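Source: prediction; values computed, not measured. Lettering follows sequence order; numbering is per chain, from 1.
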Amino acid sequence: MTIVMRCEDKERLVGYLYDESSPAERQAVEAHLSRCAACAAELDSLRGVRVELASWRPPAIDLGYRVTREPVVAAPARRGWGLPAWAQVGAAVLVLGAGAGLANLEIQYGSGGVTVRTGWGKATTAVSPMVKTAQPLASPSGGVTPAELKALEARLREEFADDAHGPAPNPAVAAGSHNDLQQVRALVADSEERQRKEFAFRLAQVFRDLEAQRSTDLVHIEQSFRQLEGVTGEQVQGQQQMMDYLRRVSSRP
Amino acid sequence: MTRTDEELVALSMRGDTESFDQLILRWERPIYALAYRVIGREEEARDVVQETFLRAYRGIGNFRGQAKFSSWIYRIALNLCRDWIRRERRTPVSQVPEGQDLAEIAADQGPAESIEELVARRALSRIVARAMEQLPEEQRTAIILKEYHGMTFQEIADLQGCPLSTVKTRLYQGLVVLRRRLNEQGHEASGMAQ
């Protein structure tokens, strides 16, 4: 099919201007331009515009964009141990219980308030290092019979006697051992003292909290009683008014 | 070894930021030139470039490769330019310096270009910029994509979302208007020079 270009066919002229025509279109445009001076002049003027457009350049600037990654921010340290609240409470109770056990602690929470006793002031049962075997002293029923006590006394006497008849210790070694023992005892005593003070401090905090809670509870209970009394008083007053009313009604002639 | 855009895109999709940097290096100047000519402001054009590559980086996982990477980022940049023009509700304003800084002029001088030719070209550049900014947005964008980015009619039609014949019409009408404006302003400039 032969293409024939007309003057109004500006799309074909633009295609020819930008060199995006098919061979058939190109041939048709060139044939038309050879015959039409106006279209040829227009094509020249449009080419001139394109030359002028080429002079428009953006300013030379430094760009240099790059992909940068934000530094990885460490997650804020969680307060506490990262355990759920119930586990922390459980752990606290365990620690408290273990501490109480170490301190030979006795806690009573009764009508007289909170009573705390540490076992350190009480006489502790001294266990002789020479006792090799410890026999149960308590009978199955829970009591100790005189015969059992006598048997225990006899056995202890025998052990003491055996120990007294043993080889005599070297005096120098005995003195050194005695000094070491003294030092160990002093260290243990210091350690126990520190632990006791620390534990007493912690306990004081716990019991301050407990006392504060107890006071709050008492206030609530008192308020509840007052409310109850108020309600009761109103009921009594109402009953009294009812009685007065009945009395007045019944006394009417 | 120079990698193609497609290869760099594939690497970028796997998290290789250096490959994406190469894509930026390859395309930041054309995108800047496009944005500058469409909206006519240097700083805003810079912002468009930055936002274009930011969006491309975030959306690289969704790039299916049906179009060329260049077409994809051109579309992003053109949408941003269009948003800017609509937001500002005004025609672009070319920031062409009035003063003639000789050092700056010399830096812009081509290898075979005398200083007189350079000064004349810069004067003509201002005239062209002012003529272009008076064109309707669609005509201006079509001329920019064709004249300065060498796109085909079909590529422009795809970017502008219009038929191919519409692109040709926009180009013709835009060039005719420019011819008239350039003649007018050229006469004004020559009259002022005299």
Side-chain angles (χ1 to χ4, degrees), chain A residues 1 3-33 36-73, chain B residues 12 17-21 24-25 28-29 31-37 42 45-46 49-50 52-54 57 94-97 104 107-108 120-129 131-132 143-144 146-148 152-154 164-165 167-176 178-179 182-183 186:
Chain A
M1 191 178 92
I3 299 173
V4 177
M5 182 183 167
R6 291 189 294 254
C7 293
E8 308 81 47
D9 202 352
K10 302 302 182 188
E11 288 184 22
R12 286 210 165 91
L13 188 68
V14 170
Y16 186 79
L17 175 69
Y18 287 106
D19 199 17
E20 276 196 56
S21 303
S22 65
E25 281 180 324
R26 172 179 291 275
Q27 201 171 9
V29 172
E30 286 174 349
H32 177 76
L33 291 175
C36 179
C39 286
E42 183 166 38
L43 181 67
D44 284 343
S45 66
L46 293 178
R47 282 177 173 154
V49 172
R50 290 194 65 196
V51 170
E52 291 187 333
L53 286 175
S55 67
W56 187 27
R57 295 178 190 173
I61 59 162
D62 289 329
L63 291 168
Y65 291 110
R66 294 289 176 274
V67 177
T68 57
R69 289 186 172 173
E70 293 288 326
V72 178
V73 179
Chain B
S12 300
T17 54
E18 286 184 9
S19 294
F20 196 81
D21 281 343
I24 295 174
L25 189 65
E28 65 182 357
R29 291 210 164 270
I31 294 295
Y32 173 76
L34 173 73
Y36 175 78
R37 287 188 173 112
E42 194 176 323
R46 247 184 227 271
V49 175
Q50 184 173 348
T52 297
F53 285 107
L54 190 63
Y57 184 70
S94 294
Q95 290 178 320
V96 182
E104 194 182 339
D108 194 25
R121 180 170 64 75
R122 287 174 66 94
L124 182 58
S125 178
R126 285 202 299 274
I127 292 169
V128 170
M132 284 288 287
I143 290 175
I144 289 169
K146 189 67 189 166
E147 292 291 338
Y148 303 103
T152 63
F153 295 143
Q154 189 59 57
L164 194 138
S165 60
V167 173
K168 291 180 180 176
T169 303
R170 285 175 179 171
L171 285 169
Y172 176 76
Q173 290 174 344
L175 290 173
V176 169
L178 280 175
R179 181 178 61 194
L182 289 172
N183 285 336

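The residue among A/Glu52, A/Glu20, A/Glu11 with the most heavy atom pairs within less than 4.5 Å of chain B is A/Glu20. Each of B/Leu54, B/Val128, B/Leu164 has some count of heavy-atom pairs under 4.5 Å with chain A, and the biggest count is that of B/Val128.
Qualifying ring pair (Phe, Tyr, Trp, His ring centres under 6.0 Å) partners for B/Phe20, counting only residues two or more places apart in sequence or in other chains: B/Tyr57. Partners of B/Tyr148 under the ring pair (Phe, Tyr, Trp, His ring centres under 6.0 Å) rule, at least two apart in sequence or in another chain, are A/Trp56. Take A/Gln27 and apply the side-chain hydrogen bond (donor to acceptor under 3.5 Å, both in side chains) test, not counting sequence neighbours, and it matches no residue.
The part of B/Tyr32 that comes within reach of chain A is its side chain, from C-beta onward, which places non-hydrogen atoms under 4.5 angstrom from that chain. For a residue to count as touching a neighbouring chain, one of its non-hydrogen atoms must lie under 4.5 Å from one of that chain's; by this rule B/Ile24 touches chain A with the side chain only. Residue B/Glu147 touches chain A through its side chain alone, counting heavy-atom pairs closer than 4.5 Å. Of the atoms belonging to B/Ile143, it is side-chain heavy atoms, and not backbone ones, that fall under 4.5 Å from chain A. If you measure heavy-atom distances from A/Ile61 to chain B, the contacts under 4.5 Å come from both the backbone and the side chain.
At most 12 heavy atoms of other shown residues, nucleotides or ligands fall within 6.0 angstrom of atom CD in B/Glu18. Enclosure of atom CZ in A/Arg6 is not indicated, since only 12 or fewer non-hydrogen atoms of other residues, nucleotides or ligands lie within 6.0 angstrom.
Between B/Arg37 and A/Pro58, the closest side-chain pair of non-hydrogen atoms falls below 4.5 Å. Considering only heavy atoms from C-beta on, B/Leu175 comes within 4.5 Å of A/Leu53 through its side chain.
Scanning residues 41-48 of chain A against chain B with a 4.5 Å non-hydrogen threshold yields A/Glu42, A/Ser45, A/Leu46, sorted by number.
Between A/Pro59 and B/Glu42, the shortest heavy-atom distance links the atoms CG-OE1, 3.7 Å.
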